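Here is the structure we will look at, set down as structure tokens.
Both counts, for ligands and for their atoms, begin at 1 and track the order of listing. Keep in mind that this is a model prediction, so the values were computed, not measured.
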Amino acid sequence: MKLNIGVIKGDGIGPEIVAEAMKVLNKTGQVYGHEMNYTQILMGGASIDAHGIPLTDEAVSQARASDAVLMGSIGGDAKTSPWYKLEPSRRPEAGLLKIRKALNLFANLRPAVLYDELKGACPLKEEITQGGFDMMIMRELTGGLYFGERSTEEADGILTARDTLTYNEEEIRRIAKRGFDIAMKRRKKVTSVDKANVLDSSRLWRKIVEEVAAEYPGVELEHMLVDNCAMQLVKDPGQFDVILTENMFGDILSDEASMVTGSIGMLASASLNESRFGLYEPSGGSAPDIAGKGIANPIATILSAAMMLKFSFDLDKEAEAIEKAVGQVLKDGYRTIDIMSDGKTQIGTREMGDKICAYIS
Ligand code: IPM
Ligand code: MG
């Protein structure tokens, strides 16, 4: 089949890690008989440099015209980059928020899996990780504090800033349904995370999630307060299957979950709307400190490309071939510096891409 893929290389390590994911996609296409057709799209700092804003309407149209978008990372060093002298709505991150909203990418899937081979890189004690863990964080991505009204005002010489956290039941229902659908294909357990002991928006969240749960009698639902969830993630990560939560909580918990897997450089993500369209990106950032050095870990981006094949193109076999190849290369003992440990062989970004390609046959 012919795959029309929008590509946002972005900033920092973005271009390097996306290049490896494209290499892996091309190899997969060759082996399985698919044609990869790429359209380069500018976003973030790269777009600010070219057009003065982090995402143009034309870029949104290009993304919309693609079947799926593969993204690297956006943003630079907040202290030194000129992008951060601009007002907040013109900074690189605003491009990411704009594309999420414009394409209605309300469902953010962030799988956090502990690879047997990487147990050494996991900061948790061995007795905690013995049984391994494999969870899917389902983060609502187009509502809550990120998109609520905000303002900064001064009165009588006192500055006051305000952000608002709003959810309506439709927004909660659609992400909850996605969460339960995904749980059905996994271990059939949903942990809905909220702060219902304090927030009205969380109390509504809980009510609607319970209504949705009634339609999925085969799935076990539990509610967990977000502070407790932060603790449970380091105490007993193996208890989780699907974690369903709102935008801000999901932002925080997904970074925590990624670190307990050993490295944020391993974590893929998908942001989906109601159709088959999705934006696929590594969970990590643009890491400007190591950009251009050829040492960044491309695995999260490569696994994001695998998620793209699965969710946007129904190419499960091809996606599994990529996932297997990643597992093989790790078994062979090859590591980028972020996941390096004693007795392993350290390699760079490009070599990692090459080794993974070699196992796709
Ligand atoms: C993420 C990032 C973004 C977010 C930033 C870059 C706006 O941290 O994708 O998790 O907060 O959503
Ligand atoms: Mg984040």
Do other residues, nucleotides or ligands put more than 12 heavy atoms under 6.0 Å from the CE atom of Met184? no
Any Lys/Arg nitrogen of Arg178 or Asp181 sitting under 4.0 Å from an Asp/Glu carboxylate oxygen of the other? no
Does a salt bridge link Glu211 with Arg173, judged by any charged N lying under 4.0 Å from a carboxylate O? yes
In the protein, what heavy atom is nearest to [atom], and what distance, to one decimal place, separates them?
atom	answer
atom 1 (C) of ligand 1	Arg110 NH2, 3.4 Å
atom 5 (C) of ligand 1	Glu93 CG, 4.3 Å
atom 4 (C) of ligand 1	Tyr146 OH, 3.5 Å

Lys101 charged N/C atom sitting above Phe147 aromatic ring, 6.0 Å / 45°: yes
So is Arg139 actually on top of Tyr146's ring, under 6.0 Å and inside 45° of the axis? yes
Ligand 1 atoms in contact with [X] (distance to a heavy atom under 4.0 Å):
X	answer
Arg139	1 (C), 4 (C), 9 (O), 10 (O), 11 (O), 12 (O)
Asp251	1 (C), 4 (C), 8 (O), 10 (O), 11 (O)
Arg100	1 (C), 4 (C), 9 (O), 12 (O)

Linking I/L/V/M/F/W/Y whenever their side-chain heavy atoms sit closer than 4.5 Å, directly or via other members, would Leu109 and Phe249 fall into one cluster? yes
Quick one: look at Arg91 and ligand 1, take heavy-atom pairs under 4.0 Å, and tell me if it's side chain, backbone, both or neither. neither
Could you tell me whether the side chains of Tyr334 and Glu117 share a donor-acceptor contact shorter than 3.5 Å? no
Work out whether the distance between some heavy atom of Glu281 and some atom of ligand 1 is less than 4.0 Å. no
Strictly under 2.8 Å, is the Mg ion (ligand 2) approached by any N, O or S atom of Asp251? yes
